[in-house]
Engineer: 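Sharing a structure below in structure tokens format, with a few things to ask.
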Amino acid sequence: MGDGAPGGPRQPAAALTSFVGRRQTVAQLESELRAHRLVTVTGPGGVGKTRTAITVAARHGGVRIVELASVTDGTQVAPAVATALGVPDQSNRDAVDRIADHLAGAAVLLVLDNCEHVLHATARLVLRLLAELPGLRVLATSREPLGIGGERVHLLAPLAVPEESDAAGTGVLDHVPAVQLLVDRARAVLPDFAVTPENRAAVVALCRRLDGLPLAIELAAVRLRSLSVSQVVRRLDRRFHLLAGTDPAADPRQRSLRALIDWSHDLCAPDERLLWARMAVFPASVDLETLERVCGFGDLAGDRLFDALDGLVGKSVVVADRNGEQVRYRQFVTLREYGAELLAASGEADLLRRRHRDHFAWRAAECVGRWCGPHQAGDLARLREDHPNLLAALAWSADTPGEAAAGARLASLLRYHWIAGGFLSDGRRWLERLLPQLEPGSPERGEALWAAAWVALIQGDRGVARTYLKECAVIADALELPGLRGHVRLWRALLNLFEGDLQAAMGLYRQAIAIHRRGGDTGLALTASFQLAMAQAYAGRPREALETCSAVIEEASAVGERWNRAYAHWASAISHLHLGEVAAARTAIAAAMRIEQDFRDGVCTALCTEVCSWVAASSGDVADAAALEGMASSVWHRIGTSLEAFGPHAAREGRRHYAAVDSVLGPAAAAIREEHAGVTLPEAVRLGLDLVVSQSGRSRPAPRVPGSPLTAREREIAALIAQGLSNKAIAARLTISPRTVDGHVERMLRKLDFTSRTQIASWVSASSAVR
């Protein structure tokens, strides 16, 4: 996930509620952070560790916040941190190495929130990062210290509570933090709430009984919507009495919080209690559709689920996070842990986890089924939001006897999430974890093998991919599965392309295209086609490559598909360069980069930035070329691969342009590259697009003379005619059909009273001279 992109690094957000009673704590924590590189805020659940840490972090620059609450396994800590920081995940490099490279040279305050359930894995990660990154400071929250040498442990105390004597006093209580918090939160549900002589003793008793724990106070405040303070205290007293002494070794504050949660649970309606338990299956936030499909059965069928959800939101058991018209639902960690105990006791745990897994398999299948259409970016964004749930579903499938085949189906269906969504390492990890559990020769194993081979090829592991594809071919032939045969040919073709065997690659691509066309998989046919164009371009057949790309672009544009279209524009740019058509190459690569602003595909970004530098070098903009080379180098480094992984032909072309820039700029080239060698993936897209568009005639208005009858689109086409482009080439550049261009040209000839395209070109030249 890249900086500023959906799913990228989280920054401290503006709080929706006031921060009460921690002024001295904040000042102390800031002092500790200045003196120590690792500060861990510890304390019982509900004491406010997260809110305090984020409040302190908001006062610093270079803050990155990583929430570990949804991580279900210690092995996923480093990948989860990489994902939260927006580190590209398109290589087989260790996640910690990628994080260190991503943060290198920067002064960063990294907040790691909710570490207690993955304590040892978090400690190992922090040790390595602190050792390798001198500019890094870490602020962690956990119920217990990380146990690292040099760690500063800050035990966060509950809010100060009033004295017993204050119950009978007459002085104001506004200065007491626990009372301040209770009053503030109570006014959210009861705007006129205040401490009065009538409720003063009850307020003091409530704050003291709750030990000043912020979460407990906030949950109690919600009850003031329907109860008086005295009524809350009476019910709370009874629950505390029942639970007293349950665990003598437990911290009394935790017993108090447990008592409050028990009491809150008892006040829920039966349907609300059932949903509370069932929601524990989700390690992170989910949308309403997911809740309904996973939890909406039996006693929670139909509207009963929504009514229960609405009740839990009203009771602050569930949080509704809003982003425009989108709403996602989650629980605080403590409440979800409580629900997990209820779920385990209910006997529904395996049923819920199976429904959870099957729902996300359905969602992944939906993404695959409509991939070749306008939903690509939206589906990828939704799967990114669901990423913690996807990993939890795969983990349960891998760990539960009899569920590996269904888990492998999910992992295979997530193909575009892994490849285009930026989670290559996670995809390969789970595919390879599930493969040994699959029945030899089974269709599920065949699907998992080609998906794993695709990931391995993108990561540059050709030997691994070759082994997987060999076994996949055996399964495809034995089971006589045409679709699987198509996959074998497609990814063998890519293997041949990356190994430089262009003739073999082109033959296999044509076979794959034919198979996928017969099977109705237009998206895979387009993928094979743009890759065929790449092979054609490097086989010395750039005109054929442009025709192939034009067909991909036209077909993709007709259905709103953009991912394959971006790669087709990229391949078009290379083909135009091979023909000496620099302006056309510039326009093509700019079109690809514009699409990349939404897709966050690190490989495509690196390839496009590389070609942007070739375009700049070919047009004489050598300083821009050197800057783009530096950006491309940064992206390649961040995703853990290089241009060499994409075959000897592309690598040779890259070296040729690199040498041309060096020959003009000399030592200055290295300085320019170094200046741009630290950009992030989103920055590379933005800066690369800015540079390539600044060189393009399309960045200026099309020529216009006073009284010209042409529309803006017609003037744009006229400018391209003046550059010598055919109608077909113009259609490819503007991503419209050739028939549309023909119609525009005919209308232009009539409006201008011309008889040939040559006259249009002369008109453009005259218009430019006037301007």
Engineer: In Å and rounded to the nearest 0.5 Å, what is the CZ to CG distance from R22 to L29?
Structural biologist: 9.5 Å
Engineer: Enter the distance from I217:CD1 to Q180:CD here, rounded to the nearest 0.5 Å.
Structural biologist: 10.5 Å
Engineer: Please report the C-alpha distance between D287 and L291 in whole Å, then the side-chain angles of each, then the deciding distance to 0.1 Å, and finally whether the side chain to side chain contact (heavy atoms under 4.5 Å, CB included) criterion is met.
Structural biologist: CA-CA 7 Å; D287 55 28; L291 275 173; over 6 Å; no
Engineer: Does the E116 side chain pair with the main chain of R143, one donor and one acceptor, at a distance under 3.5 Å?
Structural biologist: yes
Engineer: Under 4.0 Å between a side-chain nitrogen and a carboxylate oxygen: does that hold for E292 and R304?
Structural biologist: no
Engineer: Would you find a donor on one side and an acceptor on the other, under 3.5 Å apart, between the side chain of R37 and the backbone of L130?
Structural biologist: yes
Engineer: Got more than 12 heavy atoms from elsewhere within 6.0 Å of CG, D321?
Structural biologist: yes
Engineer: Donor-acceptor pair, distance only, cut-off 3.5 Å: does the side chain of R384 make one with the backbone of G421?
Structural biologist: yes
Engineer: Between H117 and V71 (side chain of the first, backbone of the second, donor and acceptor by atom type, cut-off under 3.5 Å), is there such a pair?
Structural biologist: yes
Engineer: Are any of the side-chain heavy atoms of D266 and R235 separated by less than 4.5 Å?
Structural biologist: no
Engineer: Is any side-chain heavy atom of S397 closer than 4.5 Å to a side-chain heavy atom of L394?
Structural biologist: no
Engineer: Quick check: does any side chain N or O of R353 sit under 3.5 Å from a backbone N or O of A392, one acting as donor and the other as acceptor?
Structural biologist: no
Engineer: Do any N or O atoms from the side chain of D211 and from the backbone of L213 form a donor-acceptor pair under 3.5 angstrom?
Structural biologist: no
Engineer: Between T196 (side chain only) and N199 (backbone N and O only), is there a donor and an acceptor less than 3.5 Å apart?
Structural biologist: yes
Engineer: Can a salt bridge be assigned to the pair E289 and R363 using a cut-off of 4.0 Å between side-chain N and carboxylate O?
Structural biologist: yes
Engineer: How close do N114 and L68 get, heavy atom to heavy atom, and via which atoms?
Structural biologist: O-CB, 3.5 Å
Engineer: Taking R187 for the side chain and F193 for the main chain, is one N or O donor matched with an acceptor at less than 3.5 Å?
Structural biologist: yes
Engineer: Identify the heavy atoms of L414 and A364 that sit nearest to each other, and give their distance.
Structural biologist: CD2-CB, 3.7 Å
Engineer: To the nearest 0.5 Å, what is the distance between NE2 (H120) and CG (L125)?
Structural biologist: 14.5 Å
Engineer: For the pair R98 and H102, evaluate side chain to side chain contact (heavy atoms under 4.5 Å, CB included) and give the outcome as yes or no after the intermediate values.
Structural biologist: CA-CA 6 Å; R98 292 187 286 111; H102 186 76; over 6 Å; no
Engineer: With rounding to the nearest 0.5 Å, note down the distance linking OG1 in T25 to CG in L155.
Structural biologist: 10.5 Å
Engineer: Does a side-chain heavy-atom distance below 4.5 Å link T290 with Y329?
Structural biologist: no
Engineer: For the pair V26 and R23, evaluate side chain to side chain contact (heavy atoms under 4.5 Å, CB included) and give the outcome as yes or no after the intermediate values.
Structural biologist: CA-CA 5 Å; V26 168; R23 183 177 303 174; 6.0 Å; no
Engineer: Test salt bridge (Lys or Arg N to Asp or Glu O under 4.0 Å) on R330 and E385; report intermediate values, then the result.
Structural biologist: CA-CA 12 Å; R330 62 180 172 87; E385 287 186 313; over 6 Å; no
Engineer: Regarding E144 and S142, is there a side-chain donor-to-acceptor distance under 3.5 Å anywhere?
Structural biologist: no
Engineer: Closest approach of L343 and A277, non-hydrogen atoms and distance?
Structural biologist: CB-O, 3.5 Å
Engineer: Please tell me if the side chains of D271 and L300 come closer than 4.5 Å, counting only heavy atoms from C-beta onward.
Structural biologist: yes
Engineer: Roughly how far, to the nearest 0.5 Å, is the CZ atom of R223 from the CG atom of L227?
Structural biologist: 8.0 Å
Engineer: If the condition is salt bridge (Lys or Arg N to Asp or Glu O under 4.0 Å), which residues does E151 pass it with, not counting sequence neighbours?
Structural biologist: none
Engineer: Tell me whether the NZ or CZ atom of R357 lies within the 45° cone about the ring axis of W396 and under 6.0 Å from its centre.
Structural biologist: no
Engineer: Where the side chain of Q231 meets the backbone of S228, is there a donor-acceptor pair that is under 3.5 Å apart?
Structural biologist: yes
Engineer: Decide, yes or no, whether a salt bridge links E348 with R355 under the criterion of side-chain N to carboxylate O below 4.0 Å.
Structural biologist: no
Engineer: Apply salt bridge (Lys or Arg N to Asp or Glu O under 4.0 Å) to R336 and E341, showing your working.
Structural biologist: CA-CA 9 Å; R336 190 175 73 241; E341 295 180 9; over 6 Å; no
Engineer: Under the rule for ring pair (Phe, Tyr, Trp, His ring centres under 6.0 Å), what residues qualify as partners of H417, not counting sequence neighbours?
Structural biologist: H387, F423
Engineer: With no hydrogens and no angle check, just 3.5 Å: does a side-chain donor-acceptor pair link Q28 and S31?
Structural biologist: no
Engineer: Heavy atoms, side chains only, cut-off 4.5 Å: are D386 and F360 in contact?
Structural biologist: yes
Engineer: Under the criterion side chain to side chain contact (heavy atoms under 4.5 Å, CB included), I'd like the reasoning laid out for L110 against L85: C-alpha separation, chi angles, the key distance, then a yes or no.
Structural biologist: CA-CA 10 Å; L110 179 62; L85 294 179; 4.0 Å; yes
Engineer: Decide whether S285 and R328 meet the rule of one side-chain donor and one side-chain acceptor closer than 3.5 Å.
Structural biologist: yes
Engineer: Within 45 degrees of the axis of the six-membered ring of F297 and under 6.0 Å from its centre: does R278 put its NZ or CZ there?
Structural biologist: yes
Engineer: So which heavy atom on S70 is nearest to which on P283, and how close?
Structural biologist: CB-O, 3.0 Å
Engineer: Is any side-chain heavy atom of T141 closer than 4.5 Å to one of L112?
Structural biologist: no
Engineer: Testing L275, L312, L335, D310 for side-chain contact (heavy atoms from CB on, under 4.5 Å) with V318, which one passes?
Structural biologist: L312
Engineer: Considering all heavy atoms of both residues, which atom of G74 and which atom of A121 are nearest to each other, and what is their separation?
Structural biologist: O-CB, 3.3 Å
Engineer: Check whether any side-chain heavy atom of L219 sits under 4.5 Å from a side-chain heavy atom of L210, and report yes or no.
Structural biologist: no
Engineer: Taking atom types as modelled and ignoring hydrogens, do the side chains of D262 and Y338 form a donor-acceptor contact shorter than 3.5 angstrom?
Structural biologist: yes
Engineer: Can you measure from NE2 (H265) to NZ (K315) and round to the nearest 0.5 angstrom?
Structural biologist: 11.5 Å
Engineer: Can you tell me if Q326 has over 12 outside heavy atoms packed within less than 6.0 Å of its CD?
Structural biologist: no
Engineer: Please examine the side chains of V229 and L224, heavy atoms only from C-beta on, and report whether any two atoms are closer than 4.5 Å.
Structural biologist: yes
Engineer: Please find the pair of heavy atoms, one from T42 and one from K49, that lie closest to each other, and give the distance.
Structural biologist: C-CD, 3.6 Å
Engineer: Is the number of heavy atoms from other residues, nucleotides or ligands under 6.0 Å of E164 CD greater than 12?
Structural biologist: no
Engineer: Is a side-chain N or O of R137 found less than 3.5 angstrom from the main chain of L33, in a donor-acceptor match?
Structural biologist: yes
